[in-house]
Amino acid sequence: MNKQPEVTEKTRQNFTDAFWSLIKEKPISKITVSEITRRAGYNRSTFYEYFLDTNDLLKFIEDKLLEKLKETVLNASSENKSPEALFQIIFAAMNEELYLLIGENGDSGFLAKARNELFTIVGSYFPNLKNTDNFDYLTCFVSSAMFGLMQHWNEKGKDIDTLKMSEIMQNLVLNGLHTYITPNLSDKSEVIIP
């Protein structure tokens, strides 16, 4: 491809924008090259100069988003290494596109890719944890919990403010469910959720 870098970037961005507008309407698996090119204002041959197919476009988009998320969180972590800050930083780095990818129209494989990026991030915040035998399981738990909570929060219209949501996530991940569930001493079968 012998195009000027600005033209190449602009064309890729137009295809990416068309993809984002379509994922708001339908599942990724139903999005076609024809729809993307029509929405972006190009013909199919132009699309194929940049991408092999819709999966290649999706990979390009996901790789860029994950790199940006990782870079944002790692840059912020170099300024503040406290584990508590991790959750606020990740929330701040999340954007609409990431919510779309973990949403019902999104890519079911995206969470596994995101989890792999979080291995690096979690390892930088918890260096002692990184050396444990079960680091991958612990990171899987943390990332699944985090993305699950963020997805649910987004689906509910972000009905809790960001700071409160990051506090809930922080408490659940760092302290466990027992911070929210306390047995009532008079009746062992009842649980109280504050």
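What you are looking at is a predicted structure, and each value in this text was computed from that prediction instead of being measured.
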Excluding sequence neighbours, so at least two apart, what forms side chain to side chain donor-acceptor pair (under 3.5 Å) with [X]?
{"X": "Ser108", "value": "none"}
{"X": "Asp17", "value": "Gln13"}
{"X": "Ser21", "value": "Arg39"}

Taking side chain as C-beta onward, heavy atoms only, is [X] less than 4.5 Å from [Y]?
{"X": "Thr37", "Y": "Thr46", "value": "no"}
{"X": "Thr32", "Y": "Thr54", "value": "no"}
{"X": "Leu100", "Y": "Asn105", "value": "no"}
{"X": "Tyr50", "Y": "Leu57", "value": "no"}
{"X": "Trp153", "Y": "Thr162", "value": "yes"}

With sequence neighbours excluded, residues passing salt bridge (charged side-chain N to carboxylate O under 4.0 Å, His left out) with [X]:
{"X": "Glu9", "answer": "Lys64"}
{"X": "Asp63", "answer": "Lys59"}
{"X": "Asp159", "answer": "Lys156"}
{"X": "Lys158", "answer": "none"}

So how far is it from [X] [atom1] to [Y] [atom2], rounded to the nearest 0.5 Å?
{"X": "Asp107", "Y": "Leu58", "atom1": "CG", "atom2": "CG", "value": "5.0 Å"}
{"X": "Phe110", "Y": "Leu101", "atom1": "CZ", "atom2": "CG", "value": "5.0 Å"}
{"X": "Lys70", "Y": "Glu67", "atom1": "NZ", "atom2": "CD", "value": "5.5 Å"}
{"X": "Ile36", "Y": "Phe19", "atom1": "CD1", "atom2": "CZ", "value": "7.0 Å"}
{"X": "Gln151", "Y": "Leu98", "atom1": "CD", "atom2": "CG", "value": "12.0 Å"}
{"X": "Asp161", "Y": "Glu167", "atom1": "CG", "atom2": "CD", "value": "8.0 Å"}

| task | Could you please spell out the steps behind the side-chain contact (heavy atoms from CB on, under 4.5 Å) verdict for Ile28 and Ile23? | result | CA-CA 6 Å; Ile28 285 175; Ile23 195 177; 3.5 Å; yes

Who passes side-chain contact (heavy atoms from CB on, under 4.5 Å) against [X], sequence neighbours left out?
{"X": "Lys30", "value": "Lys26, Pro27"}
{"X": "Phe141", "value": "none"}
{"X": "Glu97", "value": "Trp20, Leu65, Asn95"}
{"X": "Leu149", "value": "Met165, Met169, Leu172"}

| request: Inspect the surroundings of CD in Glu104 and state if more than 12 heavy atoms from other residues, nucleotides or ligands are less than 6.0 Å away. | output: no

| request: Answer yes if Val33 and Leu52 sit in the same cluster of Ile, Leu, Val, Met, Phe, Trp and Tyr residues linked by side chain heavy atoms under 4.5 Å apart, and no otherwise. | output: no

| request: Please check if Leu163 and Met146 belong to a single hydrophobic cluster, counting links between Ile, Leu, Val, Met, Phe, Trp and Tyr side chain heavy atoms closer than 4.5 Å. | output: no

| message | So, using ring-ring contact (aromatic ring centres under 6.0 Å, His included) as the criterion, who are the partners of Phe51 when residues are at least two apart? | response | Phe47, Phe60

| request: Could you go through the side-chain contact (heavy atoms from CB on, under 4.5 Å) check for Asp56 and Asp53 one step at a time? | output: CA-CA 5 Å; Asp56 191 38; Asp53 53 23; 3.5 Å; yes

